[in-house]
Colleague: 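Submitted below is the structure of interest, expressed as structure tokens.
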Amino acid sequence: MKERIIGQVKRVNGPVIEAMGITDAMMLELVKVADSRLIGEIIKLEGQNAVIQVYEDTTGVCPGDNIYGSGMPLSVELGPGLIGTIYDGIQRPLEDIYKISGHFIEKGIQVSSLNKDKQWCFVPEVNVGSLISGGSIIGSVQETERINHKILIPPEVSGVVKSISPKGDYKITDTIAVVETADGDKNITMVQNWHIRKPRPVKERLPLNIPLVTGQRVIDTLFPIAKGGTVAIPGGFGTGKTMTQHAVAKWCDADIIVYIGCGERGNEMTDVLKEFPELIDPRSGKSLMERTVLIANTSNMPVSAREASIYTGVTLAEYFRDMGYHVAVMADSTSRWAEALRELSGRMEEMPAEEVFPAYLPTRIAEFYERAGYMKTLSGKVGSVTLIGAVSPPGGDFSEPVTQHTKRFVRCFWGLDRQLANARHYPAISWLDSYTEYLYDVIPWWEQNAGPTWSEDRASIMELLQKEVRLQQVVKLVGPDALPDSQKFIIEVCTLFKNAFLQQNAFDNIDRYSSIEKQMKMLQVILTYYKLGSETIKRGITLVKLKHMSVYQDIIKMKFNVPNEDLKLLDKLMAKLERSMDQLESTYV
């Protein structure tokens, strides 16, 4: 639909504009403001007046300036070319904008989200006469070496294929198929638009019983998340929220990563943009950018676009899910998104709720996390969207509204601990404050793929950690000398577990990623050390002698010395541990 004048500017209040004389407009319609064509969205309609949320700097906009309607909601373009691209919050490619306007984004700059001139090799997968429905796959494009981009029929289109283009190179705007529908012929291209605030339809939701393997031991072993699940990572400044998300994004077994830098500092997004192209995917041996889409909306960008960036990211994720891919979305951070909601709500003079956040904050948070899931798509394939949202509570206060409301709608909680971060223990995920509700759903998968004792071993170490908390309280009261060696040994084993297992070095080539087999064997070594050590203490061996065994140092260093490809070294370490315990008993008993 062509642009048309639908009204004029009445009042400008930062990114919020009041309009008058509104005619022929609809709620959530995409509009352009003034001669500079600033992008905005109608968020309130009342008679001939409207409130418009503008996604750019409104400096220079005056009362009386024209407002142009588009006849469509704020949407994203979906098609080949998304992978490896860096967008802002409303899906404008930042690299293309940089070529036009330099280091600063010009107001009203118009850049296509996808390259309309590049040609892609289209391979048809249906024939003339095929009966198709919304979401059906009619062909594919090899977008990167790893990602085979499926060309989907828009969800609202169904009918019979009247014509289909042969294999060859086409632009994304070229007609590649004609579908005969009840309303007439429909030309199909490789690109489609989708309203960012509207979830894409699926056939059905499936149970969440396959874990998202991250290679981070504290997550996979203690607090696993299922593919299609939701998780919150709350923590104060400097506790490692962003670094934890980076680690998950780099090493998890999702097919595609959508990383949303929502209101974060520019230097953090710069690190992401520099690191990701250089990092190698351990499963493909190629650059991580070949499976990544980045959305950068830093803290100095317009606040309204920050509010939209979350929806832009999850819509891109749903699109790849509909192709049958498993997608992980990193939202860093939802607190900055909530702050954008608060600022816009205040400018619209809405009634505030707790801590001046809008009363609809819980609804918005719920709507976002509800878009996660493990789905059977309209094409019959299976895909998932996993939402991993960082939360930045002021002062590390987990009782503030964003954290509390988020906990209501997620089933996994990785709480970051300030003391662990100060001690340089990363990931600084607290084993006391964190929890997962996916545990019993994923136990069958873990026991089948890692080992039949996985659930039992995890329960054993969690029980030891709980015992250690109680013993540490006793130590604070009466000192460590009051404890018998059997109880001191529990504290010692838990300290060993924290240092040799939970703590993980992201800069070490071996330790930065642990396979599920390595995690299982490492845990078994530590539990065997505890079991055999407890028995020797009962027979009169002192704790000091247990700590002086050479195998003790080998256990501490096993995470650095045993690569994922050579797990026989852990079997040798286990045999050495058993021999050392036997020798210790025969020497001193």
Side-chain angles (χ1 to χ4, degrees), residues 72-73 75-83 91 113-114 116 118-144 146-206 227-228 254-256 258 291 293 314-327 371-385:
M72 59 181 289
S75 305
V76 289
E77 286 186 342
L78 305 172
L82 291 171
I83 298 294
Q91 209 205 7
S113 300
L114 298 173
K116 301 292 198 314
K118 183 175 180 178
Q119 291 191 328
W120 300 89
C121 182
F122 170 73
V123 179
E125 297 183 11
V126 296
N127 300 314
V128 173
S130 298
L131 183 64
I132 59 173
S133 57
S136 297
I137 296 172
I138 61 168
S140 63
V141 165
Q142 196 66 40
E143 185 167 353
T144 68
R146 180 170 178 175
I147 302 301
N148 188 19
H149 192 116
K150 302 296 185 181
I151 306 303
L152 305 173
I153 291 290
E156 69 277 5
V157 176
S158 61
V160 178
V161 177
K162 190 173 182 180
S163 68
I164 183 76
S165 297
K167 179 180 179 180
D169 294 337
Y170 303 91
K171 297 179 182 179
I172 61 174
T173 53
D174 292 340
T175 298
I176 56 171
V178 176
V179 178
E180 185 179 347
T181 71
D183 300 323
D185 291 350
K186 176 75 174 178
N187 293 333
I188 303 298
T189 66
M190 287 190 277
V191 62
Q192 57 181 271
N193 295 309
W194 191 262
H195 181 14
I196 63 173
R197 301 181 195 278
K198 179 182 177 182
R200 287 178 65 87
V202 295
K203 190 168 290 184
E204 65 175 305
R205 283 181 176 265
L206 300 175
K227 284 180 179 176
D255 299 314
I256 292 173
V258 178
R291 65 172 184 134
V293 182
V314 75
T315 302
L316 297 182
E318 289 176 336
Y319 175 61
F320 285 109
R321 175 207 65 197
D322 290 349
M323 299 179 199
Y325 289 116
H326 298 288
V327 188
R371 293 177 74 166
Y374 197 93
M375 311 291 196
K376 186 174 183 180
T377 68
L378 296 179
S379 65
K381 290 184 173 292
V382 173
S384 68
V385 173

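All figures in this text were calculated on a predicted structure; none of them were measured in a lab.
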Colleague: Does the side chain of V382 come within less than 4.5 Å of T377's, by heavy atoms?
Modeller: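 Side chain of T377 against side chain of V382, heavy atoms only: no contact under 4.5 Å found.
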Colleague: Could you walk me through whether V202 and E204 pass the side chain to side chain contact (heavy atoms under 4.5 Å, CB included) test, one step at a time?
Modeller: CA-CA 6 Å; V202 295; E204 65 175 305; over 6 Å; no
Colleague: Step by step, work out the side chain to side chain contact (heavy atoms under 4.5 Å, CB included) result for I137 and L152.
Modeller: CA-CA 5 Å; I137 296 172; L152 305 173; 3.5 Å; yes
Colleague: Might you point out which heavy atoms bring S165 and F122 nearest each other, and give the distance in Å?
Modeller: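 Looking at all heavy atoms of both residues, the closest pair is O-CE2, 3.7 Å.
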Colleague: Considering all heavy atoms of both residues, which atom of L114 and which atom of G79 are nearest to each other, and what is their separation?
Modeller: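 Result for this residue pair: CD1-N, 3.6 Å.
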Colleague: Carefully, step by step, assess H326 and Y374 under the rule ring-ring contact (aromatic ring centres under 6.0 Å, His included).
Modeller: CA-CA 8 Å; H326 298 288; Y374 197 93; 5.4 Å; yes
Colleague: Carefully, step by step, assess V385 and R371 under the rule side chain to side chain contact (heavy atoms under 4.5 Å, CB included).
Modeller: CA-CA 8 Å; V385 173; R371 293 177 74 166; over 6 Å; no
Colleague: Answer whether the closest heavy-atom distance between the side chains of M323 and I147 falls below 4.5 Å.
Modeller: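 Contact flag for M323/I147 side chains = no.
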Colleague: Nearest 0.5 Å, what's the SG-CG distance between C121 and D169?
Modeller: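 Between C121 SG and D169 CG, I get 5.5 Å after rounding to 0.5 Å.
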Colleague: Should we count NZ of K116 as having more than 12 external heavy atoms under 6.0 Å?
Modeller: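 More than 12 heavy atoms, drawn from other residues, nucleotides or ligands, come within 6.0 Å of this atom.
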Colleague: Hey, is the main chain of I172 close enough, under 3.5 Å, to the side chain of Q119 for a donor-acceptor pair?
Modeller: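 Judged by distance alone, no pair lies under 3.5 Å.
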Colleague: Is the closest side-chain heavy-atom distance between I176 and I138 below 4.5 Å?
Modeller: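 Yes, their side chains come closer than 4.5 Å.
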Colleague: Compare all side-chain heavy atoms of N127 with those of V161 and state whether any distance is below 4.5 angstrom.
Modeller: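 Of all side-chain heavy-atom pairs linking V161 with N127, none is under 4.5 Å.
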Colleague: Are the side chain of R321 and the backbone of L316 linked by a donor-acceptor contact shorter than 3.5 Å?
Modeller: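 No; zero donor-acceptor contacts below 3.5 Å.
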Colleague: Distance from N187 atom CG to T173 atom OG1, nearest 0.5 Å?
Modeller: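 So the gap between those two atoms works out to 12.0 Å.
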Colleague: Is the shortest side-chain heavy-atom distance between R200 and P155 below 4.5 Å?
Modeller: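 Yes - at least one pair of side-chain heavy atoms lies under 4.5 Å apart.
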Colleague: Is any side-chain N of the basic residue among K186 and E180 closer than 4.0 Å to the acidic one's carboxylate O?
Modeller: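 No salt bridge links K186 with E180.
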Colleague: Below 4.5 Å, heavy atoms only, C-beta onward: do D185 and K162 meet side chain to side chain?
Modeller: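 Answer yes - side chains close enough.
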Colleague: Does the S158 side chain pair with the main chain of S133, one donor and one acceptor, at a distance under 3.5 Å?
Modeller: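 Absent.
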Colleague: Does a side-chain heavy-atom distance below 4.5 Å link I83 with V293?
Modeller: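 Of all side-chain heavy-atom pairs linking V293 with I83, at least one is under 4.5 Å.
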Colleague: Let me confirm one number: the CG-NZ distance from L378 to K381, rounded to the nearest 0.5 Å.
Modeller: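 Going from CG on L378 over to NZ on K381, the span is 13.5 Å.
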Colleague: Give the intermediate values and the outcome of side-chain hydrogen bond (donor to acceptor under 3.5 Å, both in side chains) for residues Y319 and H149.
Modeller: CA-CA 10 Å; Y319 175 61; H149 192 116; 2.8 Å; yes
Colleague: Between S140 and K150, which heavy-atom pair has the shortest distance, and what is it?
Modeller: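 What the structure gives for the nearest pair is CB-CD, 4.1 Å.
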Colleague: Ignoring hydrogens and geometry, is there a side-chain-to-backbone donor-acceptor pair from T175 to A177 under 3.5 Å?
Modeller: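 Not at all, since once roles are kept as given, no pair shorter than 3.5 Å links the two residues.
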Colleague: Can you measure from CD (E125) to OG (S379) and round to the nearest 0.5 angstrom?
Modeller: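 Going from the CD atom of E125 to the OG atom of S379 covers 10.0 Å.
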Colleague: Could you list the residues that satisfy side-chain contact (heavy atoms from CB on, under 4.5 Å) with K203, not counting sequence neighbours?
Modeller: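 side-chain contact (heavy atoms from CB on, under 4.5 Å) check on K203 returns K376.
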Colleague: Which heavy-atom pair separates Y325 from N148 by the least distance, and what is that distance?
Modeller: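 Where Y325 meets N148 most closely, the heavy atoms are OH-O, 2.7 Å.
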Colleague: Does P73 offer a backbone N or O that forms a donor-acceptor pair with the side chain of S75 under 3.5 Å?
Modeller: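 The answer is yes, because a donor-acceptor pair under 3.5 Å joins these two groups.
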Colleague: Grab the two heavy atoms, one from K171 and one from D174, that are nearest each other, plus how far apart they are.
Modeller: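 Smallest heavy-atom distance, with atoms named: N-OD2, 2.9 Å.
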Colleague: When you compare the side chain of K167 with that of P124, does any pair of heavy atoms fall below 4.5 Å?
Modeller: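 A side-chain contact under 4.5 Å exists here.
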Colleague: What is the minimum heavy-atom distance between P154 and I188, and which atoms define it?
Modeller: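 Result for this residue pair: CD-CD1, 4.1 Å.
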Colleague: Which distance, rounded to the nearest 0.5 Å, do you find between the CE of M375 and the OG of S384?
Modeller: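 Nearest 0.5 Å value for the CE-OG distance: 9.0 Å.
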Colleague: How many angstroms lie between atom CZ of F320 and atom OG1 of T315, to the nearest 0.5 angstrom?
Modeller: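 Reported value, rounded in 0.5 Å steps: 12.0 Å.
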Colleague: Walk me through it: do V327 and D255 pass the test side chain to side chain contact (heavy atoms under 4.5 Å, CB included)?
Modeller: CA-CA 6 Å; V327 188; D255 299 314; over 6 Å; no
Colleague: Test your reading of the model: is there a side-chain donor-acceptor pair from E143 to the backbone of L82, 3.5 Å cut-off?
Modeller: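 Yes; at least one donor-acceptor contact below 3.5 Å.
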